[in-house]
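Following: one structure in structure tokens, then a few remarks.
One-based numbering, in listed order, for ligands and for the atoms of each.
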Amino acid sequence: MESFVSFEGKSIIVTGAASGIGRETAILLNKLGANALLIDINEEGLNDVCKMLRGGVTYRKVDITDTDALKESVMSAKEELGCNFTGLVHCAGIPSVTPLRAITDEKYERVMKVNVQAGLNLAKIFASRQCYDTKQQGSIVYISSVYGIVGSAANAAYATSKAAIIGLTKSLAIELASKNIRVNCVAPGFIKTSMADSVNSMFDKQYEDKIEKMHPLGWGSAIDIANAIAFLLSDASKWTTGAVFNIDGGFTAQ
Ligand code: NAD
């Protein structure tokens with residue numbers, strides 16, 4: 001059966017592509033025919049993903065908080081792929097399970113830089129005339145979280161970053177509409193990825209059971225989020241901008 005979304009003639013930047021949601025998104029977009037630039041700090045992971053993909057893909061190992069290196073990576077990849085970009089998905093992110101008393105300026109700034117500021121800088125790079133394909137509609141997708149919408153203890157820095165993503169999404173949706181660039185975000189519930197594993201490993205089995213019970217449909221998979229990202233990147237959502245798409249197995253419906 002043919003998919004109702006097609007990425008033929010589209011070229012997408014995916015950050016965080018070495019693992020979890022970003023990796024699954026890169027694999028799906030590649031299956032659907034997209035060209036792609038995969039960005040991550042983890043080169044081994046990038047190499048692994050690339051081995052699974054057909055042509056039209058390149059990768060750059062870069063710390064996305066280094067804005068000059070990020071810009072240079074995007075521009076050189078554009079030359080290598082031979083086309084301007086039509087989409088951007090910012091999946092790179094870090095957790096921070098830290099009670100208020102232990103949040104240092106350093107920890108807070110790192111979470112905000114990776115999760116939010118790099119996303120803002122990526123939009124700035126993407127929305128420049130030298131970078132995006134002005135003949136097509138552009139699409140940017142950010143990853144918020146259920147914790148951008150509801151609170152949880154020992155999570156203030158991470159939750160602040162994910163709520164900021166919602167503000168960033170809505171403001172850029174208005175600002176970039178005149179350039180025919182849409183901006184949306186997804187807000188996932190708990191997904192089994194290396195990020196979730198690193199958080200879960202700090203707690204006992206009871207914690208994992210508790211998390212599962214918070215989702216009426218149980219744990220999610222990275223492909224559940226990748227499918228929604230692909231929809232938001234595709235022309236099938238051409239009239240959707242400024243949206244927060246909750247994909248959380250019912251977590252925030254309660
Ligand atoms: P993950 O840890 O599997 O993948 C994150 C990727 O980001 C990794 O490959 C990592 O190397 C990369 N990365 C981190 N810092 C970087 C930096 N400075 N420069 C370049 N790359 C960097 O995590 P995931 O679960 O796939 O999370 C992806 C996104 O989804 C994150 O924004 C996360 O906050 C969000 N999210 C995840 C969940 C979940 O339950 N897993 C739930 C809600 C939201």
Side-chain angles (χ1 to χ4, degrees), residues 13-28 37-50 59-71 73-74 88-97 107 109-122 141-150 152 155 157-166 168-169 185-203 207-208 211-212 214-215 217-226 228-229 232 244-249 251-252:
I13 303 166
V14 184
T15 72
S19 172
I21 294 168
R23 178 188 154 98
E24 202 63 41
T25 301
I27 294 169
L28 178 62
L37 161 61
L38 311 186
I39 292 177
D40 206 289
I41 204 168
N42 169 3
E43 188 162 23
E44 206 185 318
L46 284 171
N47 243 316
D48 279 356
V49 188
C50 282
Y59 78 75
R60 296 289 183 277
K61 181 204 168 198
V62 57
D63 181 335
I64 55 168
T65 63
D66 180 343
T67 309
D68 290 339
L70 190 58
K71 188 168 183 186
S73 298
V74 171
L88 158 69
V89 51
H90 176 42
C91 295
I94 52 173
S96 177
V97 181
K107 276 186 188 165
E109 280 162 16
R110 185 71 190 163
V111 171
M112 292 302 285
K113 269 191 175 161
V114 176
N115 294 1
V116 187
Q117 201 176 336
L120 182 147
N121 285 326
L122 276 156
V141 180
Y142 289 115
I143 320 295
S144 178
S145 162
V146 288
Y147 290 137
I149 299 164
V150 302
S152 76
N155 208 15
Y158 181 76
T160 299
S161 78
K162 292 300 172 181
I165 284 292
I166 295 175
L168 180 67
T169 298
C185 70
V186 295
F190 280 65
I191 307 292
K192 292 263 186 190
T193 64
S194 60
M195 181 182 288
D197 287 346
S198 77
V199 171
N200 289 341
S201 67
M202 300 166 79
F203 302 95
Y207 171 82
E208 247 196 74
I211 293 294
E212 183 167 12
M214 289 161 88
H215 300 76
L217 294 180
W219 282 87
S221 307
I223 189 64
D224 297 319
I225 310 305
I229 292 170
L232 290 172
V244 182
F245 189 173
N246 298 8
I247 311 154
D248 61 12
F251 186 112
T252 50

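For atom 9 (O) of ligand 1, the nearest non-hydrogen atom of the protein is Asp40 OD2, 2.7 Å. The closest protein non-hydrogen atom to atom 23 (O) of ligand 1 is Met195 CB, 3.3 Å. Among protein heavy atoms, atom 32 (O) of ligand 1 sits closest to Lys162 NZ, 2.9 Å.
Contact of the Tyr59 side chain with the Val49 side chain is not registered, since no non-hydrogen atoms from C-beta on lie closer than 4.5 Å.
Close N/O approach between Ser194 and ligand 1 is found [any backbone or side-chain N/O within under 3.5 Å]. By the 3.5 Å distance cut-off applied to N or O atoms, Ser144 is not counted among the residues near ligand 1. Between Ile64 and ligand 1, at least one pair of N/O atoms sits closer than 3.5 Å. Residue Ser145 has no N or O atom closer than 3.5 Å to an N or O atom of ligand 1. Distances between N or O atoms of Thr65 and those of ligand 1 include no value under 3.5 Å. Backbone and side-chain nitrogen or oxygen atoms of Ile94 are examined, and none is located within less than 3.5 angstrom of a nitrogen or oxygen of ligand 1. Inclusion of Ile21 in the set of residues having an N or O under 3.5 Å from an N or O of ligand 1 is warranted. In terms of N/O distances under 3.5 Å, ligand 1 is approached by Ile41.
The contact set between ligand 1 and Gly189, taken as ligand atoms under 4.0 Å from a residue heavy atom, comprises 40 (O), 42 (C), 43 (C).
Side-chain atoms of Ser144 come within 3.5 Å of backbone N or O of Lys162 as a donor-acceptor pair. Remark: the backbone N or O of Ala92 is paired with a side-chain donor or acceptor of Thr15 at under 3.5 angstrom.
Using cut-offs of 30° and 60° on the angle between ring planes, the pair Phe190 and Phe251 is parallel.
Distances shorter than 4.0 angstrom occur between a heavy atom of Arg110 and an atom of ligand 1. Distances from ligand 1 to the non-hydrogen atoms of Val199 include no value under 4.0 Å.
Across all non-hydrogen atoms, the minimal contact from Ala187 to Ile149 is CB-CD1, 3.8 Å.
With a heavy-atom cut-off of 4.0 Å, Tyr158 touches ligand 1 through its side chain alone.
A salt bridge links Arg110 with Asp63; the closest basic N to acidic carboxylate O contact falls under 4.0 Å.
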